[in-house]
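Written out below as structure tokens is the structure these notes cover.
Below, each value reflects all heavy atoms present in this structure, side chains not excepted, and no hydrogens, waters or symmetry copies. Ligands are counted one by one from 1 in listed order, and the atoms in each one are counted from 1 as well. Since this is a predicted model, take the numbers as computed values, not measurements.
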Amino acid sequence: MAGEGSGRLRSFLRETLRPTDEKTDLRSLLLASLRATGYGLVGAGFGILALYSIPIMLLVGVLALLGVGRPLLGPTMRWVRILSDLERRRLRRLGHVLDSPYAIPGTSEETETGTTFREIATDPAARRDLSWLLLHGTWGLIIGALLFQMPYTSVHDVTYPLWWYFVPDSEQSLLNGLLAAQTPSGALLGCATGIAVFALWLLFGPKLLDLQARPGVNLLGPDPDADLSERVARLTATRAAALDAHAIELRRIERALHDGAQNRIVGVAVLIGAARREITRNPERADEILGRAQDTTEDALAELRAVVRSILPPVLEDRGLTGALSALASDCPVPCKVTVDVPVRCPASVEATAYFVVAESLTNVAKHSRATKAEIEVRRKGNTLLVAVTDDGRGGAELDAGSGLAGIVRRVEALDGGATVHSPVGGPTEIRVELPCGS
Ligand SMILES: Nc1ncnc2c1ncn2[C@@H]1O[C@H](COP(=O)(O)OP(=O)(O)O)[C@@H](O)[C@H]1O
Ligand SMILES: [Mg+2]
């Protein structure tokens with residue numbers, strides 16, 4: 001009991017500490033905050049554009065109500081679409097999965113912007129874009145400014161004791177003008193405020209970026225109500241694919257058990273029967289038969305192990321995605337570089353799919369590509385796990401030429417993800433897969 005309890009405690013601690021362990025080293029904190037500041041600045045740029053757009057929109061709205069500004073409604077809404085599209089692109093780069101609410105299903109086209117009050121008022125996506133614009137021109141801009149202000153203020157304050165004496169009285173202050181500091185001891189306080197602001201920036205930079213992105217994430221995707229029927233259709237299709245994949249998988253396991261282990265165990269039974277008959281008549285022969293039975297049992301065991309491994313590779317459980325993929329790469333006859341940047345573990349189904357994608361791709365590299373080197377790259381970007389397997393071989397991989405690549409696509413689609421194969425004749429070949437990890 002005590003052993004079980006302490007084992008559970010240990011695994012709990014490992015799970016809780018692991019992600020934070022990796023995140024709390026100073027370098028990654030610094031990089032994350034720098035990245036947040038960069039993206040926050042771009043967001044602040046869009047915020048300035050949004051802020052200037054607000055009075056223009058109000059003016060156009062009033063003019064249109066008076067009957068003179070109607071031709072301006074169309075161009076104004078197009079501008080709003082451009083701005084919100086820019087933000088959508090920024091949010092996607094931040095790792096948010098954001099479909100355009102204007103996309104026409106089944107095509108790469110988008111719906112036209114509305115040109116009359118009625119069209120705009122009845123288009124939920126346009127209304128949501130307008131709400132976003134209001135929020136981003138205020139809230140988003142303020143957060144973006146704060147993100148930039150923090151590192152600036154910390155450098156300003158930390159170095160303040162060195163130069164405060166030489167600037168005019170009106171500029172002798174700390175914390176961005178909040179705290180007057182016109183004496184030597186006041187100036188020394190700058191070191192403390194600067195370090196404090198730097199620490200805040202380091203700890204909360206990415207959080208601030210999240211806050212800035214939130215209105216866009218909530219408003220710029222498809223309207224959850226309007227989109228429901230489309231989503232149901234998509235989920236029905238992917239659920240069917242998931243069940244199909246499941247059935248195919250069951251059939252494969254059944255065949256593997258039937259043709260492999262079961263056959264061998266039948267063989268063992270026959271051999272033991274023969275040995276029993278021989279045991280009194282010819283013990284030597286019986287011994288030889290039992291030896292064969294033992295070999296066959298070992299073969300059966302090996303086959304069972306292989307089947308078990310193909311269901312959910314135990315190596316994933318034991319060593320995580322990084323270890324499992326390194327093991328795959330080291331078994332590959334073509335030299336293979338592995339980069340895994342997945343700070344938090346993904347759901348088991350996602351890890352297993354990523355594993356099978358890499359396993360099948362590497363089998364193909366070994367079997368078909370004639371490559372001299374291959375590369376596996378796995379990253380978690382926001383809520384998505386990105387898997388890429390590339391080789392420098394002769395290319396020409398085709399989705400419907402065999403069952404492997406088609407199997408990859410089926411497995412990935414069953415998880416609501418996407419797979420692309422890029423393999424021009426002459427190479428190189430690249431298989432890219434995106435798997436949503438849930439939240
Ligand atoms: N990495 C690769 N380099 C070159 N050709 C490839 C590669 N992967 C797949 N192919 C080609 O695409 C076909 C389809 O692959 P796949 O669906 O895995 O089927 P299988 O491996 O069972 O033949 C292969 O038969 C092969 O000709
Ligand atoms: Mg294959």
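No more than 12 heavy atoms of other residues, nucleotides or ligands lie within 6.0 Å of CZ in R432, so this atom counts as exposed by the packing criterion. The 12-atom threshold is exceeded at CZ of R394, counting heavy atoms of other residues, nucleotides or ligands nearer than 6.0 Å. Annotation: F148, atom CZ; neighbour count of heavy atoms from other residues, nucleotides and ligands within 6.0 Å does not exceed 12. Surrounding CZ of R252 are more than 12 heavy atoms belonging to other residues, nucleotides or ligands, all under 6.0 Å away.
Heavy-atom minimum distance, T115 versus G74: CG2-CA, 3.8 Å. Across every non-hydrogen atom of L202 and S33, the tightest pair is O-OG, 3.0 Å.
Within a radius of less than 2.8 Å around the Mg ion (ligand 2), the protein N, O or S atoms are E360 OE2, N364 OD1.
Atom NZ of residue K207 and atom CG of residue L200 lie 12.5 Å apart, to the nearest 0.5 angstrom.
When each of R379, K381, R380 is checked for a salt bridge (Lys or Arg N to Asp or Glu O under 4.0 Å) with D341, only R379 meets the rule.
R128 contributes a side-chain N or O that, together with a main-chain N or O of N218, makes up a donor-acceptor pair within less than 3.5 Å.
Sorted by chain and number, the heavy-atom contacts of ligand 1 below 4.0 Å come from E360, N364, K367, H368, S369, D391, G395, A397, E398, A401, G402, S403, G404, L405, T429.
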